[in-house]
Amino acid sequence: MWTTNHFPAAMRSLNPSTRAKAIEVANRLLEQGQVDNQRIVAISIEEARRWARLEATHVEWPTPTVRTFA
C-alpha cells in the first residue's frame with residue numbers, strides 16, 4: 001500500500017491533490033491484485049490526471065440574487 005509519504009517515483013511530478021488521487025486509485029488496484037505494479041502506477045496516474053482535469057473544469061454556478069420590490 002502506498003501513502004502520501006511513500007509512493008512510486010513516477011508520481012513525484014504530480015501536484016499533491018492529483019498525487020493523492022493517484023495513490024487512492026493505485027491502492028484500490030493493488031487490493032484487487034489483478035495487475036502488476038508497473039501497470040498499476042501507469043493506470044493510476046492516468047486516472048488521477050483525468051480526475052484533475054475534470055475538477056479544474058468544474059465551475060460552481062453563482063447563487064442567484066433574489067430582489068424584492070417594495
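Basis for what follows: all heavy atoms, side chains included, without hydrogens, waters or symmetry-related copies. None of the values given here were measured: they were computed from a predicted structure.
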Inset, instruction - Enter the distance from E24:CD to W51:CH2 here, rounded to the nearest 0.5 Å. - result: 8.5 Å

Inset, instruction - May I ask you to decide if T4's main-chain N or O and R19's side chain share a donor-acceptor pair within less than 3.5 Å? - result: no

Inset, instruction - Working to the nearest 0.5 Å, report the span between CD of E47 and CG of L29. - result: 8.5 Å

Legend entry - Distance, nearest 0.5 Å, that separates CD of Q34 from CD1 of I40: 9.5 Å

Legend entry - Validation row: M11, S44 side chains within 4.5 angstrom (heavy atoms): yes

Inset, instruction - Enter the distance from K21:NZ to N15:CG here, rounded to the nearest 0.5 Å. - result: 13.0 Å

Inset, instruction - Identify whether L14 and L30 are in the same connected component of the hydrophobic contact network (ILVMFWY, side-chain heavy atoms under 4.5 Å). - result: yes

Inset, instruction - Report yes if the side chains of E31 and M1 come closer than 4.5 Å at any heavy-atom pair, otherwise no. - result: yes

Legend entry - Side chains of N37 and V41 in contact at under 4.5 Å (non-hydrogen atoms): no

Legend entry - Polar contact flag, side-chain donor to acceptor under 3.5 angstrom, T3-N5: no

Inset, instruction - Inspect the surroundings of CD in Q38 and state if more than 12 heavy atoms from other residues, nucleotides or ligands are less than 6.0 Å away. - result: no

Legend entry - Spacing of W2 atom CH2 and I23 atom CD1 [to the nearest 0.5 Å]: 9.5 Å

